[in-house]
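Notes follow once the structure below has been shown.
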Amino acid sequence: MKIAIMGAMPEEISPILEKIGSYKSTSYAGNKYYEATYQGVELVIAYSKIGKVFSALSAATMIEHFGATKLLFSGVAGAISTNLKVGDLIVATKLSQHDLDITAFGHPYGYVPEGSVFVEADKDMIELSKKVALEMGKSVQEGIIATGDQFVANEERKNWIGTTFGADALEMEGGSVGVVCNALNIPFFILRSISDAADMDASFSFDEFLESSAKESAEFIMKMVDEL
Ligand SMILES: Nc1ncnc2c(CN3C[C@H](CCSCCOCCO)[C@@H](O)C3)c[nH]c12
């Protein structure tokens with residue numbers, strides 16, 4: 001078993017690298033990948049850089065080049081559901097790409113031929129997250145996450161995404177990571193901690209809470225790794 005732990009931004013994986021302490025650094029395909037053995041478990045860790053393309057590249061690299069057999073994503077997200085506040089944790093049950101659009105040909109938003117609107121996360125790791133949440137005394141919500149190559153800071157766009165996909169939160173990498181993992185038959189798990197409400201104040205909220213929310217997610221992911 002080799003576990004990939006991915007984020008999109010440095011802040012999303014720095015808490016993990018700090019906890020691990022020592023690791024081997026490899027430069028590959030324009031990025032840096034960190035490998036370590038943590039409590040007997042082989043890990044490969046990276047931040048992909050922002051967006052669907054970079055995150056797809058890193059997911060494929062961690063699997064195909066570094067041999068990961070499971071992939072866990074740790075990061076922050078914008079809330080759509082009013083039940084999600086800054087610092088709350090959400091586990092993705094399934095994910096969509098909200099900016100994938102060939103509706104001009106009568107297809108649903110988020111769909112292209114030979115694809116699917118949603119990609120489903122690994123049920124076993126979702127179950128494990130419930131156990132870890134109980135052990136940590138944390139409440140974790142499960143929900144649908146919508147991914148797109150946009151930092152959403154607009155109530156109208158956020159609400160459209162919520163309505164169109166039934167999404168509870170939004171971000172810029174989980175949906176593409178899920179497509180790659182499914183294509184390569186690797187179980188994946190996406191955990192996000194809320195940093196903002198994807199509204200007109202989103203960028204200020206994001207700047208203020210990125211670090212603390214990323215730490216929340218990272219701490220939970222490391223507890224998940226302990227039990228995988
Ligand atoms: N409302 C929102 N809309 C979309 N995604 C998110 C996320 C999740 N991550 C955070 C990060 C935002 C990239 S822009 C910030 C870049 O600053 C870099 C310094 O200039 C990207 O990797 C997606 C949190 N709130 C969001």
Side-chain angles (χ1 to χ4, degrees), residues 4-17 30-32 45-59 61-62 71-92 95-101 109-110 119 121 140-141 143-180 188-218 220-221:
I5 304 178
M6 208 177 135
M9 299 179 74
E11 294 84 349
E12 292 173 324
I13 66 152
S14 52
I16 291 162
L17 294 175
N31 206 347
K32 272 233 176 67
I45 299 155
Y47 70 88
S48 61
K49 293 171 282 195
I50 290 163
K52 293 196 286 178
V53 174
F54 280 133
S55 56
L57 172 59
S58 284
T61 298
M62 293 169 104
L71 187 146
L72 292 81
F73 190 105
S74 180
V76 298
I80 299 172
S81 162
T82 51
N83 297 328
L84 288 169
K85 303 290 180 232
V86 168
D88 285 352
L89 293 168
I90 178 168
V91 166
L95 303 101
S96 63
Q97 295 180 64
H98 66 70
D99 58 352
L100 187 56
D101 175 354
Y109 284 104
V119 60
V140 178
Q141 297 183 48
I144 297 172
I145 292 183
T147 300
D149 281 323
Q150 302 161 353
F151 182 81
V152 177
N154 172 296
E155 200 76 35
E156 194 185 337
R157 176 75 188 162
K158 153 184 159 173
N159 293 337
W160 179 85
I161 293 167
T163 307
T164 307
F165 297 95
D168 300 295
L170 55 84
E171 30 91 311
M172 299 177 71
E173 296 88 18
S176 43
V177 166
V179 169
V180 169
F188 75 94
F189 176 81
I190 309 284
L191 178 74
R192 295 281 184 163
S193 174
I194 299 302
S195 54
D196 59 272
D199 55 12
M200 60 186 288
D201 301 323
S203 59
F204 304 105
S205 179
F206 176 82
D207 284 341
E208 185 177 355
F209 297 108
L210 166 62
E211 194 177 339
S212 54
S213 292
K215 277 184 182 144
E216 276 290 318
S217 180
F220 194 96
I221 283 288

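Counting from 1, the numbers follow the sequence of the chain as shown. We use all heavy atoms of the structure for the numbers below, so side chains are in, but hydrogens, waters and symmetry mates are not. In listed order, ligands and their atoms are each counted from 1. Values in this document were obtained by computation on a predicted structure and should not be read as measured data.
Residues forming a side chain to side chain contact (heavy atoms under 4.5 Å, CB included) with Ser193 (at least two apart in sequence, or on another chain): Leu89, Ser213, Glu216, Ser217. Checked against salt bridge (charged side-chain N to carboxylate O under 4.0 Å, His left out), Glu211 has the following partners two or more places apart in sequence or in another chain: Lys215. Scanning for salt bridge (charged side-chain N to carboxylate O under 4.0 Å, His left out) contacts around Asp199 gives an empty result, with sequence neighbours left out.
Residues lining ligand 1 at a heavy-atom distance below 4.0 Å are given as Ala8, Met9, Ile50, Val76, Ala77, Gly78, Gln150, Phe151, Val152, Leu170, Glu171, Met172, Glu173, Arg192, Ser195, Asp196, Ala198, Phe206, ordered by chain and residue number.
Donor-acceptor pairing under 3.5 Å is recorded for the side chains of Thr147 and Glu171.
Proximity of Asp196 to Asp201: side-chain heavy atoms (C-beta onward) are nowhere separated by under 4.5 Å.
Applying the 6.0 Å contact sphere to CZ of Phe206 captures more than 12 heavy atoms from other residues, nucleotides or ligands.
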